[in-house]
Amino acid sequence: MILDSENVETWEVSKEDQEEWTADLSQLFIGNKFASGAHSRIYRGIYKQRAVAVKMVRIPTHKEDTRVFLEQQFKSEVDLLSRLYHPNIVQFIAACKKPPVYCIITEYMSQGTLRMYLNKKEPYSLSTETILRLALDISRGMEYLHAQGVIHRDLKSNNLLLNDDMRVKVADFGTSCLETQSQESKGNMGTYRWMAPEMTKEKPYTRKVDVYSFGIVLWELTTSLLPFQGMTPVQAAFAVAEKNERPPIPASCQPALAHLIKRCWAANPAKRPDFSYIVSALEKYDECVKEGLPLTLHLGLNSRNATLERLMGCVFLSSSSSSIPVHS
């Protein structure tokens, strides 16, 4: 136990039911560090006899700008996480601050990040079934997040965590914001390899920046590769924003998935689908796979009155058909 509860300012987050999240540090035991960032360290821990991840943020006292930024980031992350409840969002447990160290306690995701998982795979080796399962977890979590009016702003494979059952949960809300606050933000947020071009250019943006990032993640699932490998992050951002470049889609990628990827990372945010559409499309593709059908045609429709949208769920969409409107 590396913290004691004496003189600790507990972090209390008011909810609609007035529930308060307060970390009892006498019940918190810290284990080994397993990840780190510029100002944070993440440790395995035990909290009230439960395996947890403990994010420790050290606030510098001699750099005023950094101190203010990190304190605001910490407050924002706790405020958002504490009101999110979804099977594909990492579960917030408690938080506290004892200057100069602040901590956020969440459920422990034993299998690490999606990027770690992909690093262990041979390129292009994931089955379509696995790609769809992982992509559905991510898109359902993001659909919920957007329904709550939250923009993640740093969706990437390093911020997607896997549990014992290999289910994916969206994590790390340090740069997230309410959609109503997005226009108040200055500068770009997130990570260049996954960042939408409008954010790189510091232009006004909407929740569609997350859809762009999801397109990059979906490409990662189909290839197991790091996007823009061989480029520095800045070079990748320049290629996307100024040259409209994207990672190359392999010939082995299912045409329907290739089409969805291209729609998600479209340069024009208005042409990117919402996550509700993405979830629906992926569910249709998943039905095809489970019924042993290619994604080119779905014969297992239960109703003669099925809508065109449902019928098109498994219709062949060639990579050259991005100009064909898909109605939602």
Can you name the nearest heavy-atom pair linking Phe228 to Pro247, along with the distance? CZ-CD, 3.5 Å
Starting at CD1 of Ile151, measure out to OG of Ser213 and round the result to the nearest 0.5 Å. 11.0 Å
Is it the case that more than 12 heavy atoms not belonging to Asn268 sit under 6.0 Å from its CG atom? yes
Got Trp194 and Leu155 here, is their nearest side-chain heavy-atom distance under 4.5 Å? no
Using a strict threshold of under 4.0 Å (side-chain N to carboxylate O), is an ion pair present between Glu107 and Lys169? yes
Could you tell me whether the side chain of Ser125 and the main chain of Lys121 form a donor-acceptor pair under 3.5 Å? no
Can you confirm whether Ser157 sits close enough to Thr113 that some side-chain heavy atom of one is under 4.5 Å from a side-chain heavy atom of the other? no
Lys/Arg cation over aromatic Tyr277: Arg263, 6.0 Å, 45° cone: yes
Rounded to the nearest 0.5 Å, the CD atom of Glu77 sits from the OG1 atom of Thr106 at a distance of 8.5 Å
Run the salt-bridge test on Glu143 and Arg207 with the 4.0 Å N-O cut-off and return the result as yes or no. no
Honestly curious: do Leu226 and Leu126 fall in one hydrophobic cluster under the side-chain, below-4.5 Å linking rule? yes
Closer than 4.0 angstrom, basic N to acidic O: yes or no for Asp286 and Lys290? yes
Measure from the side-chain N and O atoms of Ser82 to the backbone N and O of Val78, and report whether any donor-acceptor pair falls under 3.5 Å. yes
Regarding Thr191 and Lys156, is there a side-chain donor-to-acceptor distance under 3.5 Å anywhere? yes
Looking at side-chain heavy atoms only, is the closest gap between Asn88 and Val170 below 4.5 Å? no
What are the two closest heavy atoms between Ala95 and Phe74, and how far apart are they? CB-CZ, 4.4 Å
Minimum side-chain heavy-atom gap Phe275-Phe214 below 4.5 Å: yes
Quick one, Val289 and Leu132 - any side-chain contact, counting heavy atoms below 4.5 Å? yes
Inspect the surroundings of CZ in Arg44 and state if more than 12 heavy atoms from other residues, nucleotides or ligands are less than 6.0 Å away. no
Pairing donors with acceptors under 3.5 angstrom, does anything connect the side chains of Asp274 and His146? no
Can a salt bridge be assigned to the pair Arg67 and Glu71 using a cut-off of 4.0 Å between side-chain N and carboxylate O? yes
To check you understand the geometry: which heavy-atom pair defines the closest contact between Cys103 and Val54, and what is its length? CB-CG1, 4.1 Å
Would you say Asp165's side chain and Arg167's backbone share a donor-acceptor pair under 3.5 angstrom? no
Check for a donor-acceptor pair, side chain of Arg272 on one end and backbone N or O of Tyr212 on the other, with a separation under 3.5 Å. no
What distance do Ser76 atom OG and Leu81 atom CG have between them, rounded to the nearest 0.5 Å? 9.5 Å
Path from Phe34 to Leu28 over hydrophobic side-chain contacts below 4.5 Å: no
In terms of heavy-atom contacts, His152 and Ala171 come closest through NE2-O, 2.9 Å
Are Leu114 and Tyr108 connected in a single hydrophobic cluster, I mean Ile/Leu/Val/Met/Phe/Trp/Tyr linked by side-chain heavy atoms less than 4.5 Å apart? no
For Pro197 and Ala267, which heavy atoms make the closest approach, and how far apart are they? CG-O, 4.5 Å
Answer yes or no: is there a side-chain heavy-atom contact under 4.5 Å between Leu257 and Leu282? yes
Between Asp172 and Lys55, is a side-chain contact (heavy atoms from CB on, under 4.5 Å) present by the stated rule, with each step listed? CA-CA 10 Å; Asp172 201 335; Lys55 180 179 180 180; 3.8 Å; yes
Are Ile131 and Tyr124 co-members of a hydrophobic cluster defined by side-chain heavy atoms under 4.5 Å apart? yes
Interatomic distance, NZ@Lys97 vs CD1@Ile104, rounded to 0.5 Å, equals 11.5 Å
Could you walk me through whether Lys75 and Asp79 pass salt bridge (charged side-chain N to carboxylate O under 4.0 Å, His left out), step by step? CA-CA 6 Å; Lys75 182 179 186 300; Asp79 285 346; 2.9 Å; yes
Please determine whether residues Leu80 and Phe69 belong to a single hydrophobic cluster, defined as Ile, Leu, Val, Met, Phe, Trp and Tyr linked transitively by side-chain heavy-atom distances below 4.5 Å. yes
Using a 4.5 Å cut-off on heavy atoms from C-beta on, say whether the side chain of Pro250 contacts that of Thr223. yes
Give, for atom CE of Met142 and atom CG of Leu160, the distance between the pair rounded to the nearest 0.5 Å. 9.0 Å
I'd like to know if Glu220 and Arg115 make a salt bridge, using a cut-off of under 4.0 Å between side-chain N and carboxylate O. yes
Are side-chain heavy atoms of Tyr47 and Asp24 found at a separation under 4.5 Å? yes
Atom CD of residue position Glu129 - does it have more than 12 heavy atoms of other residues, nucleotides or ligands inside 6.0 Å? no
Output for pair (Leu145 CG, Phe173 CZ), nearest 0.5 Å, gives 5.0 Å
Will you find, in the side chains of Tyr102 and Arg58, an N or O donor that is under 3.5 Å from an N or O acceptor? no
